[in-house]
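Heads up: the structure comes next, in structure tokens.
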Amino acid sequence: MNCKFLFLVGSAIKHFQEDKFSAYDEEQRFEQTLETIECIRKKVPESYVVLFECSSKSIDKKQKDILKEKTDLFLEFYEEPGLKAIYENLESKPELLTYGKSLLETRGLLNTLYVIKNHNLFNDSQRVFKMTGRYLLNNDFDIQDYQSKFLEGKYVVKIYEYLTQEKENYGDEIENIYAYLYGAKGMMVTGLWSFDRILFTKIVEALERAFIYIEKMLQFTGGTDIEHSLYRFIDKKNVVNISNLGLTINKGMTGEFYTI
């Protein structure tokens with residue numbers, strides 16, 4: 001099989017405070033993660049699937065064995081110092097969970113990219129997708145949309161840019177309130193996005209900068225998320241905006257479903 005696509009799927013099957021912040025229990029989250037893997041295999045047969053598990057504790061051995069069988073690479077980061085530090089802070093300040101999840105997502109993805117780079121893995125993949133676990137590719141997703149040569153050296157993301165208002169007398173712009181609060185003139189959907197393999201080093205650098213930025217914003221402001229932070233640091237001239245991702249989102253805190 002000629003594998004041209006690499007899917008990096010983020011997961012947190014064992015929720016650190018399930019009774020307070022999750023609409024689903026551990027077994028449901030596990031089954032939903034399997035559905036994510038299965039939908040990728042169905043929609044994109046020529047692909048590798050890497051699952052990076054970012055729970056605060058190791059998941060059950062039976063679950064782990066099944067995930068190893070279903071994926072091309074299973075990674076677990078509960079012992080990674082950076083991830084452990086984030087969870088320790090969340091345990092003492094659970095009100096930071098909304099933005100703390102962005103730190104976990106960014107750290108987990110960075111750790112995964114480090115492993116792939118250090119071990120020289122999946123070199124025949126031309127495009128790398130990051131996908132949130134328990135989300136699903138729906139009928140609007142078509143992998144053929146990503147096979148064009150015009151996407152070489154490009155990110156493919158769904159972005160929202162904040163409108164600015166022009167001053168009548170001086171011609172300069174008044175900054176949008178959201179751009180001011182989040183420190184970014186727009187945001188990107190991080191449930192599903194992708195980049196050309198040639199951008200591997202650049203996306204690592206952008207994620208490293210985004211991680212530091214989220215940390216600082218949590219310390220000195222009301223906080224920010226990965227959607228705004230990563231948008232802030234990726235090179236916008238290489239971004240291709242896609243209007244319909246073909247993604248069905250399952251909100252773990254509320255159990256709501258919607259498509260985007």
Side-chain angles (χ1 to χ4, degrees), residues 7-37 49-116 118 130-136 190-192 204 207-208 210-219 222-230 249-256:
F7 280 78
L8 310 178
V9 181
S11 171
I13 291 171
K14 191 183 290 291
H15 200 290
F16 86 111
Q17 289 193 8
E18 179 183 290
D19 56 333
K20 293 182 180 180
F21 298 113
S22 181
Y24 304 107
D25 61 27
E26 182 177 339
E27 185 59 33
Q28 289 173 312
R29 295 170 72 88
F30 172 69
E31 292 296 332
Q32 290 165 351
T33 302
L34 289 180
E35 289 178 10
T36 299
I37 297 168
V49 178
V50 174
L51 185 78
F52 59 98
E53 172 59 37
C54 296
S55 297
S56 61
K57 300 176 182 177
S58 180
I59 63 173
D60 295 342
K61 183 180 184 303
K62 182 179 178 180
Q63 294 176 338
K64 195 181 305 186
D65 289 342
I66 293 172
L67 291 171
K68 286 180 179 179
E69 180 184 345
K70 296 286 186 180
T71 61
D72 297 285
L73 179 63
F74 172 80
L75 299 170
E76 197 171 22
F77 293 123
Y78 69 97
E79 289 187 327
E80 195 270 323
L83 212 71
K84 290 180 71 173
I86 296 169
Y87 272 116
E88 288 172 2
N89 287 326
L90 287 178
E91 288 288 354
S92 60
K93 296 181 180 179
E95 67 274 11
L96 298 179
L97 176 64
T98 298
Y99 299 127
K101 287 195 302 182
S102 286
L103 282 174
L104 292 168
E105 177 181 346
T106 309
R107 188 76 179 188
L109 181 54
L110 273 171
N111 288 338
T112 303
L113 294 174
Y114 293 151
V115 170
I116 291 171
N118 293 339
K130 182 273 171 183
M131 184 173 175
T132 298
R134 303 184 306 104
Y135 291 5
L136 299 173
T190 59
L192 178 68
V204 168
L207 285 163
E208 288 172 339
F211 184 83
I212 294 171
Y213 184 71
I214 297 170
E215 277 191 317
K216 289 183 177 179
M217 290 288 277
L218 276 171
Q219 292 173 11
T224 191
D225 52 34
I226 183 58
E227 289 82 4
H228 291 89
S229 302
L230 188 53
I249 291 177
N250 179 358
K251 298 299 289 183
M253 294 182 71
T254 62
E256 295 176 286

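Excluded from the calculations below are hydrogen atoms, water molecules and symmetry mates; all remaining heavy atoms, backbone and side chain alike, are included.
Between the side chain of Arg29 and the backbone N or O of Ala12 there is at least one donor-acceptor pair closer than 3.5 Å. Not a single donor-acceptor pair under 3.5 Å links the side chain of Ser11 to the backbone N or O of Glu53. Between the side chain of Glu31 and the backbone N or O of Gln28 there is no donor-acceptor pair closer than 3.5 Å. Side-chain atoms of Thr36 come within 3.5 Å of backbone atoms of Arg134 as a donor-acceptor pair (strictly under, hydrogens ignored). No donor-acceptor pair under 3.5 Å is formed between the side chain of Asp72 and the backbone N or O of Val50.
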Stepwise side-chain contact (heavy atoms from CB on, under 4.5 Å) test for Ser55 and Tyr78: CA-CA 6 Å; Ser55 297; Tyr78 69 97; 5.7 Å; no

Phe211 vs Ile226, side-chain contact (heavy atoms from CB on, under 4.5 Å): CA-CA, chis, key distance, verdict: CA-CA 8 Å; Phe211 184 83; Ile226 183 58; over 6 Å; no

Worked check of side-chain contact (heavy atoms from CB on, under 4.5 Å) between Leu110 and Val204: CA-CA 7 Å; Leu110 273 171; Val204 168; 4.1 Å; yes

Derivation of the side-chain contact (heavy atoms from CB on, under 4.5 Å) call for Thr33 and Ile13: CA-CA 8 Å; Thr33 302; Ile13 291 171; 3.8 Å; yes

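With sequence neighbours excluded, the residues satisfying side-chain hydrogen bond (donor to acceptor under 3.5 Å, both in side chains) with Tyr114 are Glu208. For Phe74, the ring pair (Phe, Tyr, Trp, His ring centres under 6.0 Å) criterion is met by no residue, not counting sequence neighbours. For Phe52, the ring pair (Phe, Tyr, Trp, His ring centres under 6.0 Å) criterion is met by no residue, not counting sequence neighbours. For Thr71, there are no side-chain hydrogen bond (donor to acceptor under 3.5 Å, both in side chains) partners at least two apart in sequence or on another chain. Scanning for side chain to side chain contact (heavy atoms under 4.5 Å, CB included) contacts around Asp65 gives Lys61, with sequence neighbours left out. Every residue two or more places apart in sequence or in another chain was checked for a side-chain hydrogen bond (donor to acceptor under 3.5 Å, both in side chains) with Gln63, and none qualifies. Applying the side-chain hydrogen bond (donor to acceptor under 3.5 Å, both in side chains) rule to Thr224 yields no partners; only residues at least two apart in sequence or on another chain are considered. For Ile66, the side chain to side chain contact (heavy atoms under 4.5 Å, CB included) test picks out Phe30, Leu34, Lys62, Lys70, with sequence neighbours left out. Under the salt bridge (charged side-chain N to carboxylate O under 4.0 Å, His left out) criterion, Glu76 pairs with Lys64, not counting sequence neighbours. By the salt bridge (charged side-chain N to carboxylate O under 4.0 Å, His left out) test, Glu105 is found to be paired with Lys130, residues two or more places apart in sequence or in another chain being considered.
Minimum heavy-atom separation, Val9 to Gly133: CG1-CA, 3.6 Å. Contact detail for Phe77 and Cys54: the closest heavy-atom pair is CD1-SG, 4.3 Å.
The distance from atom CD of Glu26 to atom NZ of Lys14, rounded to the nearest 0.5 Å, is 3.5 Å. Atom-to-atom distance recorded for Leu67:CG and Leu75:CG is 11.5 Å, nearest 0.5 angstrom. Going from atom CG of Leu8 over to atom OG1 of Thr132 covers 11.5 Å, rounded to the nearest 0.5 Å. Of the inter-residue distances, the one linking His228 atom NE2 with Tyr213 atom OH reads 9.5 Å to the nearest 0.5 angstrom. Of the inter-residue distances, the one linking Ser229 atom OG with Ile212 atom CD1 reads 11.5 Å to the nearest 0.5 angstrom. Remark: Leu103 CG to Leu90 CG distance equals 8.0 Å, nearest 0.5 Å.
Tyr24 has its side chain within reach of Asn250: a pair of non-hydrogen atoms, C-beta onward, lies under 4.5 Å apart.
Residue pairs meeting the salt bridge (Lys or Arg N to Asp or Glu O under 4.0 Å) criterion with at least one member in residues 78-90, sequence neighbours excluded, are Glu80-Arg107.
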